[in-house]
Amino acid sequence: MAEGGGGKPKRMMVAIDESECSHHALEWVLANLRESLSSLPLIIFTVQPLTDFAYLTAASLGSPPMELIQSVQQQQKQASLALLEKATEICAQYGVVAETITEVGDPKEAICEAVKKLNVNLLVVGSHGKGALQRAFLGSVSNYCVHHAECPVLVAKK
């Protein structure tokens, strides 16, 4: 395994979600940085967003049943695992074996925390191509990561 400064292993991480943009970022890495992947372990990372159960409370006219909450959480977990499985299959088409990790939380914060915790040397994210006005109101995961991740960030635009 390649070593970085201080003897820490070098790692590359691609953060994905269900969007076409993040899959483009993964494909871009596999097509353009394949030589680097022979010496850098690849991590595929996804985040299950925290669920806002307010709509369940309103729909159930009070506190939602625990079974309903557990069902929603289980469906989110299954969707994340399916997403990682698809990403693993894409990697296999390029002859790359990747480690997959899923976390629960705010995507932009979870990605930056994972970069630090996993000693990532390069973070790759996709860009949804939101305009400046949308980014101002909704925020941008890629923009947040560019400014807060403790490593270089490559934003792969489609």
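Not a single donor-acceptor pair under 3.5 Å links the side chain of His24 to the backbone N or O of Glu20. In terms of modelled atom types and a separation under 3.5 Å, the side chain of Thr100 and the main chain of Ile44 share no donor-acceptor contact. Side-chain atoms of Thr46 come within 3.5 Å of backbone atoms of Ile16 as a donor-acceptor pair (strictly under, hydrogens ignored). Of the possible polar contacts, one joining the Arg11 side chain to the Leu118 backbone as a donor-acceptor pair under 3.5 Å is found.
Once rounded to the nearest 0.5 Å, the distance linking CG of Leu83 with CD of Gln48 reads 10.0 Å. Atom OG1 in Thr88 sits 11.5 Å away from atom CD in Gln93 (nearest 0.5 Å). Between atom NE2 of residue His148 and atom CD of residue Glu113 there is a gap of 12.0 Å, rounded to the nearest 0.5 Å. Atom NE2 in His147 sits 11.5 Å away from atom SG in Cys112 (nearest 0.5 Å). The distance from atom OG of Ser142 to atom NZ of Lys157, rounded to the nearest 0.5 Å, is 8.5 Å. Between atom OG1 of residue Thr102 and atom CD of residue Gln76 there is a gap of 10.0 Å, rounded to the nearest 0.5 Å.
Of all heavy-atom pairs between Met12 and Val29, the closest is SD-CG1, 3.7 Å. Listed here is the closest heavy atom pair of Ala110 and Phe45: O-CZ, 3.7 Å. Scanning both residues, Ala98 and Cys91, for their nearest heavy atoms gives CB-SG, 4.0 Å. In plain terms, the two heavy atoms of Ala15 and Val125 that are nearest each other are CB-CG1, 4.0 Å. Between Ser140 and Asn143 the shortest heavy-atom distance is OG-N, 3.1 Å. Smallest separation of non-hydrogen atoms from Val47 and Pro107: CG1-CA, 3.8 Å.
Both Val153 and Ile111 are members of a single hydrophobic cluster when ILVMFWY side chains are connected at heavy-atom separations under 4.5 Å. Cluster membership for Leu30 and Leu33, using ILVMFWY side-chain heavy atoms within less than 4.5 angstrom, is shared.
Salt bridge present: Lys117 and Glu103 bring a charged side-chain N and a carboxylate O closer than 4.0 Å.
With a 4.5 Å cut-off on side-chain heavy atoms, Leu154 and Leu123 do not count as touching. By the 4.5 Å heavy-atom criterion applied to side chains, Leu122 and Met13 are not counted as neighbours.
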side-chain contact (heavy atoms from CB on, under 4.5 Å) evaluation trace for Tyr94 with Glu27: CA-CA 9 Å; Tyr94 287 86; Glu27 295 257 7; 2.9 Å; yes

Evaluate Glu109 against Tyr144 for side chain to side chain donor-acceptor pair (under 3.5 Å), listing each step before the verdict. CA-CA 8 Å; Glu109 291 175 6; Tyr144 183 91; 4.6 Å; no

